Amino acid sequence: MAQGAVVLMPSGLMLFLGAWGIRRQDAVWRDEAVTYDMAHRGLAELWATLLHVDAVHGLYYVLMHRWFAGYDATLRGAFGDTVGLRLPSVAAMTVAAAGSRCWGSAWSAGARGCWRA
């Protein structure tokens, strides 16, 4: 098997499965609705909210705020809000699948790790 294929197979499969049905009739779960609301608040309003409730998710909300700042300006018209809400999770899981494959290879092959043929 080619060197890159050992990483591309699990990450490609994850990307496919994550993107499959990403819209789900544009229905969102309660936690997704809260994330969308928090991410679309101004940073001052977000900070004020985090001082009183839900501070454990503060970094996540700030990152999603930054994500939506770019997404809303570029891709929102083409893909809609639901895709913008779920795409960071699909990307993170795709990277995690590749990382898991590399980690598994490193444990089974020593120093060659990810690039084991």
Side-chain angles (χ1 to χ4, degrees):
M1 194 179 295
Q3 290 180 347
V6 296
V7 175
L8 291 178
M9 285 178 46
S11 58
L13 178 62
M14 181 58 234
L15 181 61
F16 171 75
L17 292 174
W20 176 45
I22 195 169
R23 288 184 191 264
R24 291 181 187 46
Q25 294 84 30
D26 289 326
V28 295
W29 293 84
R30 188 177 307 159
D31 63 320
E32 292 174 321
V34 171
T35 297
Y36 184 83
D37 177 59
M38 295 295 281
H40 282 87
R41 293 180 181 194
L43 289 177
E45 188 180 2
L46 180 59
W47 179 253
T49 303
L50 293 174
L51 288 174
H52 300 288
V53 294
D54 223 6
V56 71
H57 296 105
L59 177 61
Y60 171 70
Y61 291 145
V62 169
L63 291 174
M64 289 301 287
H65 176 82
R66 298 302 307 150
W67 161 254
F68 271 111
Y71 180 83
D72 287 349
T74 57
L75 300 173
R76 182 179 183 199
F79 297 108
D81 293 328
T82 308
V83 173
L85 194 56
R86 294 180 177 146
L87 198 58
S89 296
V90 172
M93 290 306 300
T94 301
V95 170
S100 295
R101 179 60 176 109
C102 288
W103 188 60
S105 293
W107 275 85
S108 66
R112 296 175 72 191
C114 222
W115 306 113
R116 183 174 178 231

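Just the heavy atoms: all of them, side chains too, but no hydrogens, waters or symmetry mates, feed the values below. Keep in mind that this is a model prediction, so the values were computed, not measured.
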Rounded to the nearest 0.5 Å, what separates atom [atom1] in [X] from atom [atom2] in [Y]?
X	Y	atom1	atom2	result
Thr35	His57	OG1	NE2	8.0 Å
Leu85	Ile22	CG	CD1	9.0 Å
His52	Trp47	NE2	CH2	11.0 Å

Less than 4.5 Å apart, any side-chain heavy atom of [X] and any of [Y]?
X	Y	value
Met64	Trp67	yes
Val34	Tyr61	yes
Asp72	His40	yes

| said: Going by salt bridge (charged side-chain N to carboxylate O under 4.0 Å, His left out), name the residues that satisfy it together with Asp37, two or more places apart in sequence or in a different chain. | reply: Arg41
| field | Test salt bridge (charged side-chain N to carboxylate O under 4.0 Å, His left out) applied to Arg76 - qualifying residues, sequence neighbours left out | value | Asp81
Which pair of heavy atoms, one from [X] and one from [Y], lies closest together, and at what distance?
X	Y	result
Ser11	Ala98	CB-CB, 3.9 Å
Pro10	Arg101	CG-CB, 3.7 Å
Phe79	Val83	O-CG2, 3.5 Å
Gly84	Pro88	O-CD, 3.3 Å
Glu32	Arg86	OE2-NE, 2.7 Å

| message | Quick one, Thr82 with Arg24, criterion side-chain contact (heavy atoms from CB on, under 4.5 Å). Give me CA distance, side-chain angles, the key distance, then yes/no. | response | CA-CA 9 Å; Thr82 308; Arg24 291 181 187 46; over 6 Å; no
| task | Report the relative orientation of the aromatic rings in Phe68 and Tyr36; use parallel for angles under 30°, tilted for 30 to 60°, perpendicular for over 60°. | result | perpendicular
| message | Whether the side chain of Arg66 engages the backbone of Leu63 through a donor-acceptor N/O pair (distance < 3.5 Å, no angle test) should be reported. | response | no
| ILVMFWY cluster, Val90 and Tyr71 together (side-chain gap under 4.5 Å) | yes
